Structure formats: C-alpha cells, structure tokens
Undergrad: 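A single structure is presented below for examination.
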Amino acid sequence: MTTVGILGGGQLARMMALAGAPLGLRFLVLDSAKDACAGQFAPMVVGDYTDQAALAEFASRVDVATFDFENVPADAARWLAERVPVFPNPRALAVAQDRLAEKTLFRELDIPVPRFAAIASREDLDAAVADIGLPCILKTRRLGYDGKGQFRIKTAADIDAAWQALGPQATSVGLILEAFVAFEREISVVAVRGRDGEFRAWPLTENWHVDGVLSASLAPATVDSGLNDTALSYARRLAEALDYVGVLALELFCRDGVLLANELAPRVHNSGHWTIEGSETSQFQNHLRAVLGIPLGSTRMIGHACMLNWIGAMPDAGAVLREPGGHWHDYGKEARDGRKVGHATVRADDTLELADTLARIGQALGRQAQVAPVLEALR
Ligand code: AMP
C-alpha cells in the first residue's frame with residue numbers, strides 16, 4: 001500500500017486524492033488549517049510547514065511527497081527531501097517561488113519574457129519605470145498569487161501609491177517591476193514529466209482572469225498549431241532544465257502572435273481542471289503517476305472543454321447538472337469573498353455544441369459576463 005503525502009490541503013490536494021483512489025493509493029495531507037478541504041477525503045497532520053514535529057510525523061507516514069501549494073518554505077521541502085522522495089524537487093519549487101529567479105531562468109533558456117527589473121529601493125523603482133516604460137506592474141517576488149501582491153502603474157502619478165503599497169515588502173519578499181503586456185490572449189501549457197524524463201502536454205488552454213483570478217478556461221485554445229508547438233517546447237525546456245517530475249503549468253501572454261512567459265506553477269493548475277472530464281488522463285492522475293514513477297497516461301483531449309471557476313460562493317448546481325456535458329465540482333469549502341469554492345466543466349464534441357451549452361448555463365445562472373469572452377473566442 002503506497003501513501004502519497006501532500007503538503008497543502010486545498011482543492012488541488014482534494015482532487016489529487018480523488019484521482020488517486022482508482023490507483024489504490026492512500027494519502028496523507030499536511031496543512032495548518034484543520035478544516036482544509038482535502039481533509040474530507042484524506043487523513044491529515046495538522047501543523048505548520050515550519051513545524052519540525054509535524055513534518056517529522058508526516059515524513060514517517062508517507063512513501064513519497066508532493067505539493068498542492070508552491071509556497072511551502074524551501075527549507076521545509078529540502079528537510080523533507082532528505083527523508084522521503086519529494087517531487088517536484090525542492091530546487092524547482094524554489095525557482096517557481098521567486099518571480100525574479102523564474103524570469104531569469106526563462107531568459108537563460110531563450111523563453112521570451114516581458115521586460116523586468118529587480119527592485120530593492122524607491123530609487124530602483126524610479127529608474128526601472130524610466131527604463132521599462134509605462135504602463136508597468138510592480139509585484140512581490142515571493143508569496144504573491146491570484147493577482148495578490150501586485151500594483152499596476154498606469155501613469156507616473158501612480159508610482160508613489162505603488163511604493164506605499166508594496167515598498168514595505170522590498171526587503172522581506174522582494175519586488176520586481178514588469179512591463180505591462182497588452183496581450184490579446186492568455187494561454188497556459190499544462191504538462192507532465194515522468195521520473196524517467198518522459199514528457200507529455202495537454203493541448204493549450206486559453207484563460208480569462210477577473211481581478212487577477214482565473215475566471216474561465218477553454219481547451220483547446222483558439223491558436224494556430226505553430227504557437228502550440230512553441231509553447232510546448234518552452235514547457236519542455238523548463239521541465240528538462242529543472243529535472244522536473246510531475247505536472248507543471250506555464251502561463252503565457254500572446255501578443256502580436258508572440259508568446260511571452262509570465263509564470264511557472266510547479267504543481268497541478270487551475271487551468272488544467274478541465275482535464276478531469278476533457279482528456280483521456282487528468283492532470284491529477286498524471287501528476288500522481290509521474291511522482292510514483294508509473295507509466296504516464298495519454299493527454300489526448302476528448303472534444304472541447306470549458307471550465308468556469310466559482311469564486312466566493314457556489315451557484316445553483318442544477319443549471320450545469322442538467323446539461324449532458326455538464327460536470328460539477330464543489331470543493332466542500334465555506335463561502336468567502338474571493339475564495340475559489342468550486343468549478344464546472346462543460347465538455348462537448350464540437351465548438352457549436354460547447355457554445356450553446358455555455359450560453360444556456362450563463363443565462364440560467366445570470367453569469368453572462370463570465371461566459372461572454374469564451375463565446376467570443378468560439379465564434
Ligand atoms: P500572475 O499572478 O503574475 O499570474 O498575474 C495574475 C494576472 O494578472 C495574470 O494572469 C494577468 O492577467 C495579469 N498580469 C500579470 N502580469 C501582467 C503583465 N506583466 N502584463 C499584463 N497583465 C499581467
């Protein structure tokens with residue numbers, strides 16, 4: 001009996017546990033919140049990632065460990081890796097935790113990125129804004145997610161406010177200034193690399209964010225095959241450079257037909273949730289297969305899929321459940337502003353059927369604005 005340990009007990013860990021059940025796997029989740037939603041499906045050790053006693057207990061009870069959360073302190077990941085196999089490796093985790101290290105690696109690997117500069121002081125910020133130009137975006141290097149720890153600088157008058165908001169974090173988590181990309185599309189590559197180096201990727205996903213948080217994803221993305229190959233080659237390059245094992249997601253901006261890398265997520269990703277129903281093997285099961293060193297499953301898509309995120313509170317399930325291609329995912333969390341509480345995936349054999357179903361769901365739930373950009377892309 002194999003027990004997979006997961007650091008972090010959110011919806012990603014929960015969906016991993018669900019995907020691992022048919023493989024006969026057991027799970028153990030480490031999270032500081034005793035009501036973490038993965039705990040509804042897997043036993044838990046309740047403790048902080050820096051709590052040595054909790055980590056030691058966790059290590060003693062698992063055969064292999066992985067993450068549902070990338071901001072596990074690198075020291076904790078390294079400590080664990082000395083005791084049990086940990087995938088992805090702590091170095092990959094450390095690079096993906098730091099926007100500066102991540103963008104520097106992209107550049108080294110000839111993966112195009114928006115212009116960026118490290119910011120340690122107000123003087124650095126003034127100089128970098130002058131160099132990179134406006135508009136631009138100031139971000140924390142570490143611990144930012146879902147648009148948090150970001151400040152958009154539209155005009156020179158915003159520089160003071162940006163520094164007031166994020167300047168105090170310049171020495172703790174560090175700051176980076178990036179050019180603001182007026183992209184036509186945001187896309188992501190979700191890919192998996194096995195312990196033996198085998199690499200597979202799902203078709204590109206097109207994503208729409210609201211206030212920095214993913215709102216909808218469409219697969220396959222409406223991009224030409226040239227872009228698909230380029231994006232996949234970037235993800236492969238990164239996975240190989242980091243000797244990565246497991247699922248990773250690379251977020252890209254597409255502007256004037258050129259791809260610019262934004263971010264690497266060293267874990268299963270929200271933009272890959274559609275793979276549960278929309279592909280032969282889900283990202284969750286392939287992540288587990290990679291981590292365990294067993295054969296990877298096919299990443300072939302079955303038709304077309306759209307995922308809609310439910311943020312804050314769950315809408316009425318009926319509008320999705322009554323659709324033949326509608327699939328419902330309630331993470332079992334309490335409603336809270338800005339919280340990801342669930343998602344729906346709509347799968348269809350062709351884009352016409354997908355658009356019709358989405359339009360009906362959008363109408364029934366009063367969420368026309370959420371489905372509108374997807375319908376526009378499908379047109
Ligand atoms: P991130 O946390 O870096 O993934 O940012 C969250 C979202 O903010 C992205 O998905 C984009 O929609 C937007 N964003 C972040 N960085 C930039 C940028 N340099 N230019 C334009 N939009 C951005």
Side-chain angles (χ1 to χ4, degrees), residues 10 12 69-71 95-107 111-119 125 128-129 131-155 158-159 162 165-166 169 173-190 204-219 221 223 231 234-235 238 248-256 258-273 307-309 311 338-340 369-370 372-374 376-377:
L12 302 180
F69 178 66
E70 70 254 51
N71 289 320
V95 169
Q97 280 174 356
D98 179 353
R99 292 185 191 275
L100 185 65
E102 182 178 83
K103 290 219 158 53
T104 307
L105 177 67
F106 292 160
R107 209 178 242 172
I111 300 171
V113 282
R115 296 189 68 193
F116 67 90
I119 305 294
L125 180 60
V129 172
D131 185 37
I132 288 173
L134 293 163
C136 51
I137 180 162
L138 184 64
K139 298 183 180 178
T140 55
R141 274 172 58 178
R142 281 181 285 274
L143 300 178
Y145 66 99
D146 283 349
K148 293 181 181 66
Q150 301 193 3
F151 200 104
R152 292 189 186 186
I153 303 177
K154 296 186 184 106
T155 70
D158 298 331
I159 301 176
L166 297 180
Q169 298 180 61
V173 293
L175 300 176
I176 181 172
L177 187 78
E178 296 174 16
F180 187 83
V181 182
F183 53 79
E184 291 116 35
R185 284 197 179 89
E186 283 197 82
I187 56 175
S188 56
V189 190
V190 181
L204 287 194
T205 303
E206 191 161 351
N207 301 309
W208 291 271
H209 292 81
V210 175
D211 298 330
V213 183
L214 187 66
S215 169
S217 291
L218 172 69
V223 295
Y234 294 162
L238 275 167
L248 60 82
L250 175 62
E251 296 179 19
L252 300 150
F253 299 132
C254 179
R255 186 189 57 193
D256 301 330
V258 174
L259 295 173
L260 297 171
N262 175 40
E263 195 171 37
L264 169 70
R267 52 170 169 76
V268 287
H269 193 249
N270 199 165
S271 72
H273 289 359
M307 190 249 10
L308 300 170
N309 254 357
I311 313 282
R339 192 177 208 197
K340 290 177 178 173
Q370 187 173 5
V374 186
E376 176 70 31

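Small disclaimer: the values here were computed from a predicted structure and weren't measured. When a ligand or atom number is given, it counts from 1 through the structure's own listing order.
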Undergrad: Only heavy atoms of Phe183, strictly under 4.0 Å: list the atoms of ligand 1 that pass.
TA: 12 (O), 21 (C), 22 (N)
Undergrad: Is it the side chain (CB and beyond), the backbone, both or neither of Asn207 that lies under 4.0 Å from ligand 1, heavy atoms counted?
TA: neither
Undergrad: Before you tell me yes or no, could you show the steps for Leu238 and Phe106 under side chain to side chain contact (heavy atoms under 4.5 Å, CB included), namely the whole-Å CA-CA distance, both residues' side-chain angles and the distance that decides it to 0.1 Å?
TA: CA-CA 8 Å; Leu238 275 167; Phe106 292 160; 3.5 Å; yes
Undergrad: Does any N or O atom in Val181 lie less than 3.5 angstrom from one in ligand 1, N or O only?
TA: yes
Undergrad: Would you mind telling me if ligand 1 is within reach of the side chain of Ile137, the backbone, both or neither, using heavy atoms under 4.0 Å?
TA: side chain
Undergrad: Sequence neighbours left out, what passes ring-ring contact (aromatic ring centres under 6.0 Å, His included) with Phe116? Give chain and number order.
TA: none
Undergrad: Closest by any non-hydrogen atom to atom 2 (O) of ligand 1: pick that one out of Gln150, Glu178, Arg115.
TA: Gln150
Undergrad: Within the 4.5 Å heavy-atom criterion, are Pro114 and Lys103 side-chain neighbours or not?
TA: yes
Undergrad: If you count the atoms of ligand 1 from 1 in the order shown, which ones are under 4.0 Å from a heavy atom of Glu251?
TA: 4 (O)
Undergrad: Suppose I only count heavy atoms of Glu186 and a 4.0 Å limit; which atoms of ligand 1 are within that range?
TA: 9 (C), 10 (O), 11 (C), 12 (O)
Undergrad: Heavy-atom distance to atom 13 (C) of ligand 1: which of Lys139, Arg152, Glu263 wins?
TA: Arg152
Undergrad: Check each heavy atom of Ala182 against ligand 1 and say whether those closer than 4.0 Å belong to the side chain, the backbone, both or neither.
TA: neither
Undergrad: Is ligand 1 less than 4.0 angstrom away from at least one heavy atom of Cys136?
TA: no
Undergrad: Is it true that a side-chain atom of Gln169 and a backbone atom of Leu175 form a donor plus acceptor pair closer than 3.5 Å?
TA: no
Undergrad: Does Leu259 reach the side chain of Ile187, with side-chain heavy atoms less than 4.5 Å apart?
TA: yes
Undergrad: Is Arg99 close enough to touch ligand 1? Criterion: a residue heavy atom under 4.0 Å from a ligand atom.
TA: yes
Undergrad: Could you tell me which residues satisfy side-chain hydrogen bond (donor to acceptor under 3.5 Å, both in side chains) with Arg185, sequence neighbours excluded, listed by chain and number?
TA: Glu206, Thr222
Undergrad: Whether the side chain of Gln370 engages the backbone of Asn309 through a donor-acceptor N/O pair (distance < 3.5 Å, no angle test) should be reported.
TA: yes
Undergrad: What's the verdict on side chain to side chain contact (heavy atoms under 4.5 Å, CB included) for Leu214 and Met307, showing C-alpha distance, side-chain angles and the deciding distance?
TA: CA-CA 10 Å; Leu214 187 66; Met307 190 249 10; 3.9 Å; yes
